[in-house]
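Naming convention: chains lettered A, B, ... in sequence-line order (proteins, then strands); numbering from 1 in each chain. All values below were derived from every heavy atom in this structure, side-chain atoms included, with hydrogens, water molecules and symmetry-related copies excluded.
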2 protein chains.
Amino acid sequence: MRDDDTTTPAANLAMRQAGADADAAHKPRRKASIRASNETHLLACAEAVFAERGFEGASTAQIAERAGLPKANLHYYFPTKLALYWRVLDDVFEEWNAAADTFDASDDPVEAIGGYVRAKMALSRRRPLGSKVWANEIISGATHMQDILLKRVKPWMESRVTLIERWIAEGVLAPVEPRTLLYMIWATTQHYADFEAQIRALSGKRALSAASFDATTDEVVRMILRASGARSPDSRDRSA
Amino acid sequence: MRDDDTTTPAANLAMRQAGADADAAHKPRRKASIRASNETHLLACAEAVFAERGFEGASTAQIAERAGLPKANLHYYFPTKLALYWRVLDDVFEEWNAAADTFDASDDPVEAIGGYVRAKMALSRRRPLGSKVWANEIISGATHMQDILLKRVKPWMESRVTLIERWIAEGVLAPVEPRTLLYMIWATTQHYADFEAQIRALSGKRALSAASFDATTDEVVRMILRASGARSPDSRDRSA
DNA sequence: GTCTATAGAAAGATAGAC
DNA sequence: GTCTATCTTTCTATAGAC
């Protein structure tokens, strides 16, 4: 029951109808879960529309229609289009944040960077719409994301910069500019979500198969590791 | 007279006023150039608005206002919003295409790839708005760009893939997946245009200085060359 | 070529019956 | 919680005077 990523109008309508004829409107047991269910459902649909048309280009009517609901219901759950958009941005950031944690899974730069690249590639595959919403927001000037960028992303980046500089000092990473490396990782991995349509057009295929996406992931990991000059530390030569 | 990249409303209004009081409307000498001048001016303003809000999010009123013109004048020069958008996309592609030529400047992969990365970074710096329009269009599904992608970008990519495969066979490039390398180059270089707002927020600076952009360019070139394992061919060991 | 006025559709949001 | 009807604003595009 609770996988709500159905973003096609048809499936959604069907789902809505299912509960509709339980006409007794006040079963206390279900009240809270109706709200939760409708909110997540609307959020998933909103993510798809915001991804495709950006904040200004998206209309609440389109989102409601995709959700199989009247426009008024959308405004019942989310007072304004902006409030809905904020919730979507927040959701997307939480996943970004989860992937970011993989960077600290190991002190070996090969494992840490490799694992992070893998996590970001997996995210691009699993939730391309979220990545697109993020990209759209940044391209439009990031006006609604200053808080997230300054209070969450910036501190994360700064601590990772310090870590990368330590690796360089220890000789397990080439003397790269840490920010340039991180931007390269973000840009390259997110490209497979954001520029999906271009990749499809250029490859002539309808979609990248799971197998070829995995192969591409391996290749991206190899290339990023080569770019960064990462190597696993010799277990004995660490003098400090 | 003919540098029309002024995209601020104020400057544009001033420019418009200049010619306005030459009230004789039919000097044959000036007719054609008025059209050309207004068209390029509107195109520059449209590029800025489309970059910031995407095709659906942009309004002809905003574009006209930025150009310092009544909305009706915009429709006099460009019949529909879509026609205007197409012209912008076409302009942007022409510059992409010019940068693409640098790939063939040399048969040495270090020079060819390095030069191409430099050209793309320079383009990101010189015309970030164009890059954003492109990115927005792809994120939105590339519906208005299928022609350019299939007839212009795809053939270019395929011939470059062949070239890269030859380099690999000759041993002057690591055995990389050519498409993955090209996507990495595009993603990384365009990131400095498209994600400008994020970079600004994370660096805490208002804008990347010319000097630090040049340093970043050098670093990106080094990292891409390392990722691709490119090396200049020994002048003697070419047996064919 | 320029510009005011406006048509006709679609936008965000709300009222109020159920 | 749901949904029809509607308010107000803004949208693309055009008419028609100058």
Side-chain angles (χ1 to χ4, degrees), chain A residues 12-13 15-42 45-46 49-50 53-88 144, chain B residues 12-13 15-42 45-46 49-50 53-86 144:
Chain A
N12 301 341
L13 259 166
M15 177 198 151
R16 296 264 76 237
Q17 305 304 347
D21 54 330
D23 36 318
H26 22 245
K27 284 186 183 163
R29 178 177 56 90
R30 278 281 175 190
K31 261 299 173 50
S33 99
I34 284 180
R35 169 165 285 270
S37 155
N38 278 336
E39 279 189 7
T40 34
H41 180 55
L42 278 164
C45 296
V49 177
F50 284 134
R53 330 214 351 164
F55 174 68
E56 350 261 358
S59 81
T60 54
Q62 290 165 343
I63 296 170
E65 191 197 8
R66 186 182 283 254
L69 290 171
K71 213 175 21 163
N73 292 34
L74 184 150
H75 281 100
Y76 173 71
Y77 288 107
F78 301 94
T80 63
K81 177 174 149 180
L82 188 56
L84 175 56
Y85 185 61
W86 272 332
R87 284 284 304 275
V88 171
H144 306 295
Chain B
N12 300 343
L13 259 168
M15 175 197 150
R16 296 262 77 237
Q17 305 304 347
D21 54 330
D23 36 320
H26 22 246
K27 284 186 184 166
R29 180 176 56 90
R30 279 280 174 190
K31 262 299 175 52
S33 99
I34 284 180
R35 170 166 283 272
S37 155
N38 279 336
E39 278 189 9
T40 34
H41 181 55
L42 279 165
C45 296
V49 176
F50 284 133
R53 329 214 352 164
F55 174 68
E56 352 260 359
S59 82
T60 54
Q62 290 164 343
I63 296 170
E65 191 197 9
R66 186 182 282 253
L69 289 170
K71 216 175 17 164
N73 291 33
L74 182 151
H75 281 99
Y76 173 71
Y77 288 108
F78 301 94
T80 65
K81 178 174 147 178
L82 188 56
L84 176 56
Y85 184 62
W86 271 334
H144 307 295

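Of the inter-residue distances, the one linking B:Y77 atom OH with B:N38 atom CG reads 4.0 Å to the nearest 0.5 angstrom. Going from atom NE2 of B:H75 over to atom NZ of B:K81 covers 9.5 Å, rounded to the nearest 0.5 Å. Note that the OH atom of A:Y85 and the CD atom of A:E56 stand 8.0 Å from one another [nearest 0.5 Å]. Here the CG-CG distance, from B:L69 to B:L74, works out to 8.0 Å after rounding to the nearest 0.5 Å.
For the pair B:L82 CG and D:dT12 P, the computed distance is 12 Å after rounding to whole Å. Atom-to-atom, CG of A:L74 to C1' of D:dG1 comes out at 14 Å; the value is rounded to the nearest Å. Distance, B:N73 CG to D:dC18 P: 17 Å, rounded to whole Å. Nucleotide C:dT4 holds its P atom 14 Å from the CD atom of B:E65, rounded to whole Å. Atom CD1 in B:I34 sits about 6 Å away from atom P in C:dG1, given to the nearest Å. The CZ atom of A:F78 sits 15 Å away from the P atom of C:dG12 (whole-angstrom rounding). Distance, B:E56 CD to D:dC11 C1': 13 Å, rounded to whole Å. Taking atom CZ of A:R35 as the reference point, atom C1' of D:dG1 lies 9 Å away to the nearest angstrom.
Taking 4.5 Å as the limit, every side-chain heavy atom of B:T60 sits out of range of all side-chain heavy atoms of B:F78.
Here the nucleotide nearest the side chain of B:A72, chosen from D:dT2, D:dT14, C:dG1, is D:dT14. Of the candidates C:dA11, C:dC3, C:dA13, C:dA11 carries the atom nearest the A:Q62 side chain, counting heavy atoms from C-beta on. Of the candidates D:dT2, D:dC3, C:dC3, the closest approach to any side-chain atom of A:Y77 belongs to D:dT2. Listed nucleotides C:dA11, D:dG1, D:dT12 differ in distance to B:H75; the shortest reach to its side chain belongs to D:dT12.
A:A58 comes within 4.0 angstrom of the backbone, heavy atoms only, and of no base.
Note on A:Y76: every side-chain N or O is 4.0 Å or more away from OP1 and OP2 of D:dC3.
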